[in-house]
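Note on naming: letters A, B, ... go to the chains in the order of the sequence lines (proteins, then strands), and numbering restarts at 1 for each one. Since we're looking at a predicted model, the values are computed, not measured. Only this structure's heavy atoms are used, side chains among them; waters, hydrogens and symmetry mates stay out.
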Amino acid sequence: MNYWVFKSEPDAYGIDHLAAEKKKTARWDGIRNFQARNNLRDLVKKNDLVLFYHSSCKEIGIVGTMEVVQAAYPDPAQFDPDSKYYDEKSEPDNPRWYSVDVRLVEKFPEVVPTKILKADPMTAELSIFKQGRLSIASVSAAQWEAVRRLRADGPV
DNA sequence: GCCAACGTTGGC
DNA sequence: GCCAACGTTGGC
């Protein structure tokens, strides 16, 4: 089983949106970056665990955890001309973009903010800080454990 | 809202 | 296949 971090702007889709979904489950779609796509399509598997990261917002940081409930399948939005994720270059028999389905496991009582994450030697190495654009990135078991610890010891 | 950093595109 | 220009992301 692998660990991941998924990034999203909460104004567009945040953890509270996921919490409000039926069965707290939703399609994670709109990934339009090739390296993120490769991770999603080839490496993200059912039952993998995911950190939910809020970017470009007031409280930037890790806000909870999710579980992958459905491995990669073609993102239907790429074929929908009305979607902002429409991609005219993608063909149905050779889709460019993929989605997975995720279920909310836990919303943290407090955001674990970037300041705290960057202060910890383990989580400072998270790829979200190393490679800004990667919206789907792997997390080591040690990093996952470090986040769990920061969450438990975090600011009151 | 600004600006730096990076991914993608397109001309050669 | 390189690389400059462009657009977008994302932290502050």
Q: Go through the structure and list residues passing side-chain hydrogen bond (donor to acceptor under 3.5 Å, both in side chains) with A:Trp28, not counting sequence neighbours.
A: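 So A:Trp28 forms no side-chain hydrogen bond (donor to acceptor under 3.5 Å, both in side chains) with any residue.
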Q: Using the test side-chain hydrogen bond (donor to acceptor under 3.5 Å, both in side chains), find all partners of A:Glu21 that sit at least two apart in sequence or belong to another chain.
A: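 Result, side-chain hydrogen bond (donor to acceptor under 3.5 Å, both in side chains) vs A:Glu21: A:Tyr13.
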Q: Return the set of residues passing ring-ring contact (aromatic ring centres under 6.0 Å, His included) with A:Tyr53 (not counting sequence neighbours), or none when no residue passes.
A: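 Listed in chain order: nothing, the list is empty.
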Q) Taking only residues two or more places apart in sequence, or in another chain, which ones meet A:Phe79 in a ring-ring contact (aromatic ring centres under 6.0 Å, His included)? A)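 So A:Phe79 forms no ring-ring contact (aromatic ring centres under 6.0 Å, His included) with any residue.
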Q: Find the distance A:Arg37:CZ to B:dT8:C1' and express it as a whole number of Å.
A: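 So the two atoms are 14 Å apart, to the nearest Å.
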Q: Would you kindly give the CG-to-C1' distance between A:Asn33 and B:dA5, to the nearest whole Å?
A: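 Taking atom C1' of B:dA5 as the reference, CG of A:Asn33 is at 14 Å.
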(Q) With salt bridge (charged side-chain N to carboxylate O under 4.0 Å, His left out) as the rule and sequence neighbours excluded, what pairs involving residues 30-59 of chain A come up? (A)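 Matches after skipping sequence neighbours: A:Arg32-A:Asp75.
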Strictly under 3.5 Å: I want the nitrogen or oxygen pairs between protein and nucleotides 9-12 of chain C, one per line.
residue: C:dT9; atom: O2; partner: A:Arg133; partner atom: NH2; Å: 3.1
residue: C:dG10; atom: OP1; partner: A:Lys7; partner atom: NZ; Å: 2.6
residue: C:dG10; atom: OP1; partner: A:Gly132; partner atom: O; Å: 3.0
residue: C:dG11; atom: OP1; partner: A:Tyr53; partner atom: OH; Å: 2.7
residue: C:dG11; atom: OP2; partner: A:Ser56; partner atom: N; Å: 3.3

